[in-house]
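All residue numbers refer to positions in the sequence shown, counting from 1. Quick caveat: nothing in here was measured; it's all calculated off a predicted structure.
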Amino acid sequence: MTSRAKPAICLMLGWVALLWLLEGVDFATGGALDTFGITPREPAELADVVPAAFLHFGFGHLVANTLPLLLLGLVAALRSGVRRFLAVATLIILTSGLGVWFTAAPDSNTAGASGVVFGLFGYLLVRGFIERKLLDIGIGLVVGVLYGSILWGALPTDSGISWQGHLFGLIGGVLAAFVFRVRAPGALPAADVRPIA
């Protein structure tokens with residue numbers, strides 16, 4: 001894992017720095033980048049599914065996402081390797097963004113990294129159980145204890161928060177844990193395990 005540490009740290013620090021840079025540009029231009037948020041069910045808005053995950057509506061919004069994104073992303077990148085992590089993050093971004101595009105309220109504008117945060121939470125929560133790795137099961141349990149309360153954000157309890165982005169991000173993370181799972185060499189799928197007579 002030590003060989004993964006430097007690339008993982010550089011990736012996540014670079015990711016967070018990019019978010020802050022973009023919000024700085026957005027602030028300096030009077031919110032010009034906010035147009036890259038997702039407006040649902042408009043065909044032209046499909047092009048904004050990816051950029052919307054890197055934009056925020058003010059520094060308060062960005063601050064709320066920065067630490068969980070940095071911590072969950074760093075753990076996921078360390079455990080998965082940068083290449084697999086990027087594939088996981090891409091699937092989460094697409095699932096969250098498309099979910100918003102299909103289901104969000106008409107005329108709404110959705111942006112922010114919280115869909116990625118929910119996705120990484122879901123990915124880390126279930127990954128160990130899917131791959132049957134004790135360390136990752138432990139990591140999932142710790143992540144569940146530390147961040148489990150965010151699950152309330154995937155429910156339609158606040159009209160000012162994109163619960164759709166959160167819910168579909170979570171779904172994307174769980175899906176990514178299945179799609180990009182890696183079995184230990186020689187491990188048998190559960191269906192192939194036979195009881196000892």
Side-chain angles (χ1 to χ4, degrees), residues 12 15-16 18-20 22-23 26 33-34 36-42 45-77 80 85-130 139-180:
M12 291 316 302
W15 189 323
V16 168
L18 174 62
L19 299 186
W20 279 85
L22 289 171
E23 189 53 36
D26 190 50
L33 298 183
D34 291 348
F36 292 98
I38 302 166
T39 301
R41 295 172 295 284
E42 295 284 342
E45 292 292 308
L46 285 170
D48 293 335
V49 163
V50 173
F54 296 87
L55 303 171
H56 291 82
F57 298 127
F59 285 106
H61 186 201
L62 176 55
V63 167
N65 284 330
T66 294
L67 186 59
L69 176 65
L70 186 60
L71 292 178
L72 295 175
L74 185 57
V75 172
S80 301
F85 170 79
L86 289 173
V88 166
T90 300
L91 181 55
I92 291 169
I93 289 170
L94 292 174
T95 305
S96 177
L98 290 172
V100 167
W101 189 85
F102 276 110
T103 66
D107 301 317
S108 61
N109 186 17
T110 303
S114 56
V116 179
V117 170
F118 274 75
L120 292 174
F121 170 81
Y123 174 73
L124 291 170
L125 194 65
V126 304
R127 178 178 178 260
F129 294 99
I130 291 168
I139 288 171
L141 293 174
V142 171
V143 165
V145 169
L146 293 177
Y147 285 102
S149 63
I150 71 169
L151 289 173
W152 291 109
L155 300 175
T157 56
D158 188 335
S159 60
I161 295 175
S162 175
W163 62 269
Q164 298 95 336
H166 298 171
L167 175 62
F168 284 98
L170 182 66
I171 291 169
V174 173
L175 180 63
F178 281 97
V179 171
F180 300 110

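Counting only heavy atoms from C-beta outward, the side chains of F180 and L91 approach each other to under 4.5 Å. Residues F121 and L151 form a side-chain contact, since some pair of their non-hydrogen atoms from C-beta on lies under 4.5 Å apart. W101 is not listed as a side-chain neighbour of T39, based on a closest heavy-atom distance of 4.5 Å or more. Side-chain contact between S80 and R127 is present, with at least one heavy-atom pair separated by less than 4.5 Å. Inter-residue side-chain proximity for H166 and I161 is flagged as met; some heavy-atom pair is nearer than 4.5 Å.
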L19/F54 under side chain to side chain contact (heavy atoms under 4.5 Å, CB included): CA gap, chis, key distance, verdict
CA-CA 6 Å; L19 299 186; F54 296 87; 3.8 Å; yes
Please evaluate residues L18 and W15 with respect to the criterion side chain to side chain contact (heavy atoms under 4.5 Å, CB included), reporting the C-alpha separation (whole Å), side-chain torsions for both, the decisive distance (0.1 Å), and the verdict.
CA-CA 5 Å; L18 174 62; W15 189 323; 5.6 Å; no
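Across all non-hydrogen atoms, the minimal contact from P40 to A104 is CG-O, 3.6 Å. Counting all heavy atoms, side chain and backbone alike, A77 lies closest to F85 at N-CD1, 3.7 Å. When all heavy atoms of T90 and L86 are compared, the pair lying nearest together is OG1-O, 2.8 Å. When all heavy atoms of L33 and L55 are compared, the pair lying nearest together is O-CD1, 3.4 Å. Contact detail for V16 and L70: the closest heavy-atom pair is CG2-CD1, 4.0 Å. Minimum interatomic distance between G37 and A52 (heavy atoms only, all atoms of both residues): CA-CB, 4.1 Å.
Summarising the geometry, atom CG belonging to L94 is positioned 11.0 Å from atom CG belonging to L175; distances are rounded to the nearest 0.5 Å. L170 contributes atom CG, which lies 7.5 Å from atom CD1 of I150 (distance to the nearest 0.5 angstrom). For the atom pair I38 CD1 and E45 CD, the distance stands at 8.0 Å (nearest 0.5 Å). To the nearest 0.5 Å, atoms CG (L167) and CD1 (I171) are separated by 4.0 Å. The CD1 atom of I93 sits 11.5 Å away from the CG atom of L98 when rounded to the nearest 0.5 Å. With rounding to the nearest 0.5 angstrom, the CZ atom of F36 is 10.0 Å from the CG atom of D26.
Under the side-chain contact (heavy atoms from CB on, under 4.5 Å) criterion, V142 pairs with L146, sequence neighbours left out.
In this structure a side-chain-to-backbone donor-acceptor pair under 3.5 Å is present from T103 to G99. Checking side-chain atoms of S96 against main-chain N and O of G165 turns up a donor-acceptor pair under 3.5 Å. In this structure a side-chain-to-backbone donor-acceptor pair under 3.5 Å is missing from T95 to I92.
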Sequence neighbours left out, cut at 3.5 Å: what donor-acceptor pairs do the side chains of residues 57-69 make with other protein atoms?
from: H61; atom 1: ND1; to: F57; atom 2: N; distance (Å): 3.0
from: N65; atom 1: ND2; to: H56; atom 2: NE2; distance (Å): 3.1
from: T66; atom 1: OG1; to: W20; atom 2: NE1; distance (Å): 3.1
from: T66; atom 1: OG1; to: L62; atom 2: O; distance (Å): 2.8

